[in-house]
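Below is one structure, written out as structure tokens; the observations come after it.
Convention: sequence-line order gives letters A, B, ...; per-chain numbering from 1. Side-chain atoms are counted along with the backbone in the values below, which use heavy atoms only and exclude waters and symmetry mates.
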Amino acid sequence: MINYIIKRLLTLIPVVIAVAIVIFTIMYFVPGDPAKNILGQDATEEQLQRERELLGLADPYFVQLGKFLYQLFIKLNPGTSWLSGFPVMTELRVRIPRTLLLSFLTMALGVAVGIPLGVTAAVNQNKLPDKLCMIGSMTFISIPDFWLALEAVILFGLRLHWLPTFGMSSWKCWILPVVCGSLPGIASNARQTRSAMLEVIRSDYVATAKAKGLAPGAIKYKHALPNALIPLITMMGGHLARCLGGSMILENIFSMPGMGMYLTTGITQRDYPVVRSVVVILAIVFGVVMVLVDIVYAFVDPRIKAIYENQTFNLAFWRKRKDA
Amino acid sequence: MKLTRRDFLKVSLGGAVSLSASMLLAGCGSGGSEKQTGHTKIKVGVSGDPKSLAPYALGNDARKMICFHIYQAAMHLLKAGDTPIPAICESYEMDMDGATVTVKLRDGIHDHDGNPFTASDLAYSYNTTKEVANSASYDYFTEVKAIDEKTAVIYYNPTDIVKRNNVESALAQGGVYMFTQAAWEASEDAMVATPVGTGPYRVSSFSVGAKVILEKVEDFWQAEAGYEVPRDYQANFDEIEISVITEVSQIAIALETGDIDASANVSEQDITLFQEGGEHADDFKVVKNEGFLGYFMTFNAHTELGGNINIRKAICHAVDLDGMINTLAKGEAVRMNAPYGTASSAGDYDPKWDEREYFPFSMDTAKEYLDKYLAESGKKAEDVVVKFAVQNNANCPKPAEILQAKLLELGIGVDMKVYDPATFNTILTEEDSYDFTMYCMGWNGVVNAWQLNDSSNYYYHFDKESAMYQELLSYTEPCMSRVTWTQEATEKLWQYVYDNAWVRGLYKNYDNIVVPKWVNEVVINFNRNCMYGSFVHD
């Protein structure tokens, strides 16, 4: 199992390097002159040229790429923001926890509410709770979260004065972004859980459990739900990725200074070190989340664990053969 | 110990719950809504993230506004185009032959930490800024040397010192803020979050991307030494709380909910809520201030259509400026009968230009010029398609659409493309990608506006060897040098530009500053930044 985890983590390395090369190449070809953004419109051509040289933009593509990869992966230093002069890593250290917290809370709420709703809908198939859950899910899947966020700001901030609408100075500031961000997740989790549960509750072992006279709650949560979790875990990995992406919109709407806000201002101002670093870090986070999802499979489903262990065995066997 | 599937689920759930709780507690920090006590404090909303408060960094309006509260420059300007008044320095003297500016310091200067400020600190501020920022913005000087405790010499690039306004604006603009060597060396973060300046406010708290709190410096050196403090350096509040609100529509909501007291970043759509007759007019008022940004059209000399005077004049006369101003700014904007506005810091703006006829809107005149072009080129109107590059900002696309409609009415085609500002800058450098453009810019004056033409040349794409370009230079060069400049020279340049329709000034917006009713007077500095700490209040 450990070998499998190490192997999966090692496969992340080429993925992250590939992401770094792709984002570097995209930013290289994106129109917009960072030197002009820094110096302003009334800079002379000589000044612009000097600024480009200072930023390393005058070098050929491969030289720039080599310097970028060396700086990022060998020196582990993504450099400083061209516009603020502030080290990117220092800023990321402050911003990453905020984005991760927002994404994690959004996902946690989506799971904590969405799964029970889906279970309730499944065990009450075609009854009123099922219909209410599914109508609610369709509604929240269909509504764009940014629109919902703006409306929530007007209702809960402006009209009712219940909640603050921007910043992160108190715990109340997190309520609107987390709730607005999690509603689409709640909806999709509920739908997915319902469909997975519907398959499982028709299984023989559930019928056996019922025949044994087990309580309905025990059948639902101890026997049926764990078996319905596999597709849900896959979806949760994607959900966290979506939360990280969606946090950029939420951070901008609620003025929460996380990575999303940092990335969007970096893009508009052509602050390449910021954009490249944030994208690479997001790629690392996504990669790690996906590895975690795979590991979780093993704990939830013994069949998958057996496959992993088999892979481990094969790896050991291959090593022995190679040594021989 | 074997971990069963059920154990794993239990542990995961428990872990998730406790991790959420701990992250939530950690993320919430020690904030909390603070009670406002009287009017000793003002809460301000800004739309830009200041990112760094270091003296060497360039940045947006929010950063500049904050830095003007924390730091001082060598000299000070009360308003653009004025003669500099003393700040850190008592006086300055130019030697254009030697390309030097000699500055004399005032007495009793010290920073927020009490470190005395001498000429060597001034030299250190300049030289460190140049070295650390490592930006071409500071190419105008080579180095600064302290002569004695009160005197320093700034060595300029010879070509820069003769350019009009370069010396005054460089001394006062805040491109180089003053700090002591002792404070710089003691700083652990290069003053990014914990700056030690010489201005009337110091930073008491800085949360990256979220909030900056400034507190009044009780022993501000200028007041302590008995100097008259200029009104934009007077600290009339004990505390300024600056919140970063990146979503502009949220600024109006924050004002309405009382989370902030004032802001200069309320959108045009929301401003009516706070104006007379608006929903919140009882609590707020809107102060209008002529903005720094001007809106313009320029033509590309390289393309056949942009380089043709009849096409240029046809387009200039098809501009329904009143329609644009009514649509966009509800009739409230300053018309610009020049390629720059009254905020020109070069001081070469002539108010009599306001009275002049300036490309009066007339579709008949536009048609006449178009017919002249069609006659000389042998083309049909429907074969003429002008490429129109528009900068995507809050104000350009709508007027551009109005102009597009008028040009279509003339019978010519318009290939209009709207670019985000960073892309737009690149588009301007491509000589075949547009015939004319519409954009906004903070002009410093006619001198700087046409200096572009001489150096980077990227708006107009003139052939530098052409007679047309040489003729243009003969008008611009006298205006660019403080040795040869006269108002008459500027007047001649204005006339030349108008006759050839190379640039058409459009308008300047007003900046709307929403303040509570208890603020009696709003103070704006020469750089068009709101000096919130200096607001006069009940």
Q.
Restricting to non-hydrogen atoms, name the atom on Ser255(A) and the atom on Val244(B) that form the minimum distance, rounded to 0.1 Å.
A. CB-O, 3.4 Å

Q) Relative to chain B, which segment of Thr268(A) carries a heavy atom at a distance below 4.5 Å: side chain, backbone, both, or neither? A) backbone

Q.
Does any backbone or side-chain atom of Ile251(B) lie under 4.5 Å from a heavy atom of chain A? Answer side chain, backbone, both or neither.
A. neither

Q: Under 4.5 Å heavy-atom distance to chain B, tell me which part of Arg52(A) shows up: side chain, backbone, both or neither.
A: neither

Q: Nearest 0.5 Å please: distance from the CD atom of Glu91(A) over to the NZ atom of Lys51(B).
A: 6.5 Å

Q: Kindly give the heavy-atom pair with the smallest separation between Val208(B) and Arg98(A), and that separation in Å.
A: O-NH1, 3.0 Å

Q | Shortest non-hydrogen contact from His161(A) toward Glu256(B) | A | CE1-O, 4.4 Å

Q: Could you verify whether a donor N or O on one side chain and an acceptor N or O on the other, from Thr423(B) and Arg270(A), lie under 3.5 Å apart?
A: yes

Q. Yes or no on salt bridge (Lys or Arg N to Asp or Glu O under 4.0 Å) for Asp49(B) and Arg95(A), after CA distance, side-chain angles and deciding distance?
A. CA-CA 13 Å; Asp49(B) 178 358; Arg95(A) 289 174 183 266; 2.9 Å; yes

**Q.** Separation between CD1 of Ile245(B) and OG1 of Thr165(A), rounded to the nearest 0.5 Å
**A.** 7.0 Å

Q.
If you compare all heavy atoms of Glu247(B) against all heavy atoms of Ile253(A), which two are closest, and at what distance to 0.1 Å?
A. CB-O, 3.6 Å

(Q) Other residues, nucleotides and ligands only: do more than 12 of their heavy atoms fall within 6.0 Å of CD on Glu131(B)? (A) no

Q.
Using 0.5 Å steps for rounding, measure from the OG1 atom of Thr257(B) to the CG atom of Leu163(A).
A. 11.5 Å

Q) chain B heavy atoms under 4.5 Å from Gln269(A): which part of the residue, side chain, backbone, both or neither? A) side chain

Q: From the options Val153(A), Asn252(A), Leu150(A), select the one residue that forms a side-chain contact (heavy atoms from CB on, under 4.5 Å) with Gln250(B).
A: Val153(A)

